[in-house]
Amino acid sequence: MLEVMELTKRYGKTLAADGVGFTVPDGRIGILLGPNGAGKSTVIKSIAGLLRYKGSIRIQGHDSRSLEAKRCFAYVPEMPYMYDALTVREHMEFIVRAYGVEVTEEEIRGLLEQFELEDKQDKLGNELSKGMMQKVSICCALIIRPSVILLDEPMVGLDPAAIKELKEVILQLKARGTTVLISTHMLEMVKELWDVTFVMDKGRILGTYTREALGDEDLEELFFSVTGQSGKNREGEMPVVGQKGV
Ligand code: ATP
């Protein structure tokens with residue numbers, strides 16, 4: 001389970017996250033949905049421990065800054081970062097050693113094959129395209145078998161085959177009980193994935209919607225109707241359901 005409570009983050013005068021709170025229950029896919037500049041990456045980076053913030057974040061019941069929490073979650077950043085001197089395979093081996101997890105050669109090969117990186121495994125980080133780097137980043141996150149995974153705009157830069165593969169992987173993760181949080185502004189990409197959506201704009205969560213409670217209502221229409229309010233909170237007018245029934 002991932003719990004974010006009263007998360008507040010300022011960059012100078014910009015209030016990028018303003019008392020953000022939400023929960024993604026065990027084995028569910030949560031979507032942080034909002035337009036450019038809404039504060040999604042700020043929330044994800046805070047959860048990942050890359051920013052100082054006010055508030056409280058718990059991962060599987062542990063404070064997100066604790067070693068116990070860090071051991072069980074993985075983070076795929078919006079901009080993949082590669083070490084120039086390591087090959088694709090060495091990136092995965094490095095992560096495996098850093099986390100001290102037991103991983104078989106078969107598992108490494110399986111992931112490389114799944115993301116069509118078998119023929120790239122000996123390439124150095126600086127020899128890869130952005131999409132390939134994104135795939136390596138996803139493989140490195142998956143190889144530690146996280147209980148909670150954060151994906152910041154994961155589809156950006158991927159080709160259609162990789163997007164399809166990633167969606168399948170996300171659904172497999174869910175089937176295994178992994179808790180997933182995806183940030184995106186691309187509704188189309190998450191339509192078949194989401195269990196609970198947190199609509200965010202101007203640093204605030206404007207509404208929390210579960211698929212169960214929303215029924216046939218169009219998520220896209222809801223998104224524009226909520227964010228079209230220029231930051232005014234319409235919680236009272238929308239079918240806000242919190243975590244009930246998730
Ligand atoms: P996008 O979809 O465009 O990636 P986002 O929803 O992820 O946007 P953030 O990147 O979290 O939004 O930015 C939220 C606000 O904080 C924006 O107004 C942005 O300009 C500001 N911001 C983000 N990072 C910094 C920073 N390092 N310094 C100053 N302001 C920042």
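One is the number of the first residue; the rest follow in order along the sequence. Start at 1 and go down the list; that is how both ligands and their atoms are numbered. The basis for the numbers below is simple: all heavy atoms, side chains too, and nothing from hydrogens, waters or symmetry mates.
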K.L.:
Would Glu113 and Arg109 pass as an ion pair if we require N to O under 4.0 Å?
P.N.:
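Arg109 and Glu113: not salt-bridged.
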
K.L.:
Do you know which of Ile31, Ile205, Leu33, Val43 makes side-chain contact (heavy atoms from CB on, under 4.5 Å) with Phe198?
P.N.:
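Only match with Phe198 under side-chain contact (heavy atoms from CB on, under 4.5 Å): Ile205.
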
K.L.:
Looking only at distance, does Gly34 have an N or O less than 3.5 Å from an N or O of ligand 1?
P.N.:
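The answer is no, given that Gly34 and ligand 1 share no N or O pair closer than 3.5 Å.
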
K.L.:
Looking only at protein heavy atoms, which one is nearest to atom 12 (O) of ligand 1, and what is the separation?
P.N.:
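Atom 12 (O) of ligand 1 sits closest to the protein heavy atom Gly39 N, 3.2 Å.
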
K.L.:
Compute the minimum heavy-atom distance from Glu78 to ligand 1 and say whether it is under 4.0 Å.
P.N.:
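Right, Glu78 reaches ligand 1.
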
K.L.:
So that I can tick it off, tell me whether Arg89 and Glu105 are bridged by a salt bridge, with the cut-off set at under 4.0 angstrom between side-chain N and carboxylate O.
P.N.:
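A salt bridge is present here (some side-chain N lies under 4.0 Å from a carboxylate O).
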
K.L.:
Using a 3.5 Å cut-off on N or O atoms only, is Thr14 in polar contact with ligand 1?
P.N.:
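No, Thr14 has no N/O under 3.5 Å of an N/O on ligand 1.
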
K.L.:
With distance as the sole criterion, is a donor-acceptor pair present between the side chains of Asp122 and Thr87 under 3.5 Å?
P.N.:
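Asp122 vs Thr87: no donor-acceptor pair found between side chains.
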
K.L.:
Verify the neighbour count for atom CD of Glu127: are there more than 12 heavy atoms of other residues, nucleotides or ligands below 6.0 Å?
P.N.:
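Correct, the count exceeds 12.
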
K.L.:
For atom 11 (O) of ligand 1, which protein heavy atom lies nearest, and how many Å away is it?
P.N.:
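Minimum-distance protein heavy atom for atom 11 (O) of ligand 1 reads Thr42 OG1, 2.6 Å.
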
K.L.:
How far is atom 10 (O) of ligand 1 from its nearest protein heavy atom, and which residue and atom is that?
P.N.:
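Nearest neighbour among protein heavy atoms for atom 10 (O) of ligand 1, to 0.1 Å: Ser41 CB, 3.8 Å.
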
K.L.:
Please determine whether any non-hydrogen atom of Glu153 lies less than 4.0 Å from an atom of ligand 1.
P.N.:
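Yes.
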
K.L.:
Just by distance, no angles: are the side chains of Gln134 and Ser137 close enough, under 3.5 Å, to form a donor-acceptor pair?
P.N.:
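Note: Gln134 and Ser137 side chains miss the donor-acceptor criterion.
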
K.L.:
What part of Asn36, side chain from CB on, backbone N/CA/C/O, both or neither, has a heavy atom under 4.0 Å from ligand 1?
P.N.:
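Looking at Asn36 and ligand 1, atoms from backbone and side chain both fall under 4.0 Å.
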
K.L.:
Where on Pro35 is there a heavy atom closer than 4.0 Å to ligand 1, on the side chain, on the backbone, on both, or on neither?
P.N.:
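It is the backbone that touches ligand 1; the side chain stays farther off.
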
K.L.:
Just need the protein heavy atom nearest to atom 2 (O) of ligand 1, so name the residue and atom and give the distance.
P.N.:
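For this ligand atom, the closest protein heavy atom is Lys40 NZ, 2.8 Å.
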
K.L.:
So which protein heavy atom does atom 14 (C) of ligand 1 come closest to, and at what separation?
P.N.:
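Ranking protein heavy atoms by distance from atom 14 (C) of ligand 1, first comes Gly37 O, 3.4 Å.
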
K.L.:
Check each atom of ligand 1 against the heavy atoms of Ala38 and keep those under 4.0 Å away; list them by number with element.
P.N.:
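So the answer, numbered in order with elements, is 5 (P), 6 (O), 12 (O).
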
K.L.:
Less than 4.0 Å between a side-chain N and a carboxylate O, is that true for Glu165 and Lys135?
P.N.:
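The answer is no: the pair does not qualify as a salt bridge.
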
K.L.:
How close does the nearest protein non-hydrogen atom get to atom 26 (C) of ligand 1, and which residue and atom is it?
P.N.:
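Heavy-atom neighbour on the protein nearest atom 26 (C) of ligand 1: Tyr11 CD2, 3.4 Å.
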
